[in-house]
S.K.: 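Can you keep this structure in mind? I'll have questions shortly.
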Number of protein chains: 2
Amino acid sequence: MYIQLLKHLSKDIELTPDEEQEFLSILEHHTFLKKSLLIQPGQKVTKEYYVLKGCLKAYYLDKAGQKHILQFAIEDWWISDFEAFFNAHPAQLYVECIEDSEVLSLDKSVLEDLYFRIPKFERFFRLKITKAFVALRNRILSTLQKDSKTQYLEFCEQYPNLQGRVANYHIANYLGITPESLSRIRKGLY
Amino acid sequence: MYIQLLKHLSKDIELTPDEEQEFLSILEHHTFLKKSLLIQPGQKVTKEYYVLKGCLKAYYLDKAGQKHILQFAIEDWWISDFEAFFNAHPAQLYVECIEDSEVLSLDKSVLEDLYFRIPKFERFFRLKITKAFVALRNRILSTLQKDSKTQYLEFCEQYPNLQGRVANYHIANYLGITPESLSRIRKGLY
DNA sequence: CTTAAAAATTGATGTAGATCAATTCATTGC
DNA sequence: GCAATGAATTGATCTACATCAATTTTTAAG
């Protein structure tokens, strides 16, 4: 069942079968329908989610009512309002299913317990957050440096599994441009 | 001498005097003149730097020869090409002193040794990178959401110690706008 | 103090991408 | 299979900020 997740862990740390079992035992399995909200602004965020199946987005709704997508997540990705999760602040983001989805949830306090018992997991999540940091750094470099067309092409290259699966207006939103502009970019104008 | 740094550590972890000494013992002290390069593209990056005194910037030079500043660092900040440092890739960034500076360097392999001996330090750097991740997330949210004027005002609010100390054209570059535009923003136009 | 170099400002003009308003195309539920 | 709703496209116009070209102000070095 969770071979996928064990393989995911093994990319960064080596676990004994017992440790693997211990990790699996602290996860909870959930299924959600499309449009379900896993997180809403104001809520306490005690969980982060590993996607077994489906597709989700994390977005911010600004004062003017504009959505801004910060992250997508499909199979084998983690998603949450990480700011809120890490700092025990109220959520600022929505996390919503774009497709019917199946996820495993990991509770913060249970995880912190685990860190003390098996420091290897602290290492795992340090490495994970480090990669996320690098990805964001590169995203900022892109926005500073590249025009929208290049950013779109790089997005398609970097996330070939999202292109086609996620609506174009979502991608446009993620890239910080309008659906109209993205349409023209895809037509080869600009 | 390094009270500042010990205080910095104590914000996130509690150390015994022995552990504090052990940490200090693995650091190296350096002084650099303004314009010195601590890191250049292509180099191996084995160190991250804690700023005791002075001011530095980390920037990327794109194919068109344009600079893009990703980070400033003043007293009590860490700086490096973190992508290269974490992933043992060749540097993509320059790290350069904007002022004469005094830094402590921390070597990656020595640090990883330390993680095994004292897992508390793995925790410390996990928390550090987590905060850096959150800061980047908020920076992306800003660029998606806010006009240049708002971004500039927020920059001044968030880094009151940098505003005034760092040249405006550096700040403009960091924000991804031209010095001309920043000048007009500061004049109240736009 | 003087001069050169670096930084900031100002004005005129250009442009990528936004916005607004239809229109067409695709998907979903009945 | 047909509305109805959601998504994508197209065209006309607008705007925040870029670019280019001087000019002025500030800083630093001899």
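Heavy atoms only: backbone and side chains are in, while hydrogens, waters and symmetry mates are out. What you are looking at is a predicted structure, and each value in this text was computed from that prediction instead of being measured. By convention in this document, chain letters (A, B, ...) are assigned in the order of the sequence lines, proteins followed by strands, and residues within each chain are numbered from 1.
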S.K.: Just how far, in rounded Å, is P of dT9(C) from CG of N168(B)?
M.R.: 6 Å
S.K.: Dump the pairs, protein N or O against N or O of nucleotides 12-17 of chain D, anything under 3.5 Å, distances to one decimal.
M.R.:
residue	atom	partner	partner atom	Å
dA12(D)	N6	R184(A)	NH2	3.3
dC17(D)	OP1	S148(B)	N	3.1
dC17(D)	OP1	S148(B)	OG	2.9

S.K.: If the threshold is 4.0 Å, N to carboxylate O, is there a salt bridge linking D81(A) and K47(A)?
M.R.: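 Looking at D81(A) and K47(A), the cut-off is not met.
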S.K.: Hey, is the main chain of Q40(B) close enough, under 3.5 Å, to the side chain of Q43(B) for a donor-acceptor pair?
M.R.: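 Yes: the side chain of Q43(B) pairs with the backbone of Q40(B).
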S.K.: Can we say K131(A) and D12(A) salt-bridge, meaning some charged N sits less than 4.0 Å from an Asp/Glu carboxylate O?
M.R.: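 Yes, charged N to carboxylate O under 4.0 Å.
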S.K.: What is the distance from CG of N173(A) to C1' of dG17(C), rounded to the nearest Å?
M.R.: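 It works out to 15 Å between those atoms.
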S.K.: May I have the distance from Q151(A) (atom CD) to dA16(C) (atom P), rounded to whole angstrom?
M.R.: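 One finds 15 Å between P of dA16(C) and CD of Q151(A), rounded.
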S.K.: Between E96(B) and K35(B), does at least one N-O distance fall below 4.0 Å, as a salt bridge requires?
M.R.: no
S.K.: Taking OH from Y169(A) and C1' from dT10(D), how many angstroms apart are they, rounded to a whole number?
M.R.: 20 Å
S.K.: How many whole angstroms separate atom CG of L144(A) from atom P of dA18(D)?
M.R.: 11 Å
S.K.: Going through the distances and angles, do K7(A) and E20(A) end up as a salt bridge (charged side-chain N to carboxylate O under 4.0 Å, His left out)?
M.R.: CA-CA 10 Å; K7(A) 203 173 142 194; E20(A) 286 181 345; over 6 Å; no
S.K.: Nucleotides 21-23 of chain D: which of its N/O atoms have a protein N/O under 3.5 Å away?
M.R.:
none

S.K.: Return the value, rounded to whole Å, for the distance between atom CZ of R186(B) and atom P of dA7(C).
M.R.: 14 Å
S.K.: What about Y50(B) and H8(B), are their ring centers closer than 6.0 Å?
M.R.: yes
S.K.: Give the rounded distance in Å between these two atoms: NE2 of H170(B) and P of dA6(C).
M.R.: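 The answer, rounded to whole Å, is 13 Å.
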S.K.: Between Q145(B) (CD) and dA18(C) (C1'), how many Å, whole number?
M.R.: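 It is 17 Å, rounded to the nearest whole Å.
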S.K.: Is the distance between the ring centroids of Y49(B) and W77(B) less than 6.0 Å?
M.R.: no
S.K.: Under 4.0 Å between a side-chain N or O of K187(A) and OP1 or OP2 of dT9(D)?
M.R.: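 Looking at the OP1 and OP2 atoms of dT9(D), neither is under 4.0 Å from any side-chain N or O of K187(A).
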S.K.: Evaluate the salt bridge (charged side-chain N to carboxylate O under 4.0 Å, His left out) criterion for residues E112(A) and K108(A): first the C-alpha distance (whole Å), next the side-chain angles of each, then the deciding distance (0.1 Å), finally the verdict.
M.R.: CA-CA 6 Å; E112(A) 285 182 346; K108(A) 186 181 160 95; 3.7 Å; yes
S.K.: Kindly say whether the aromatic ring centers of F72(A) and Y159(A) come within a distance under 6.0 Å.
M.R.: no
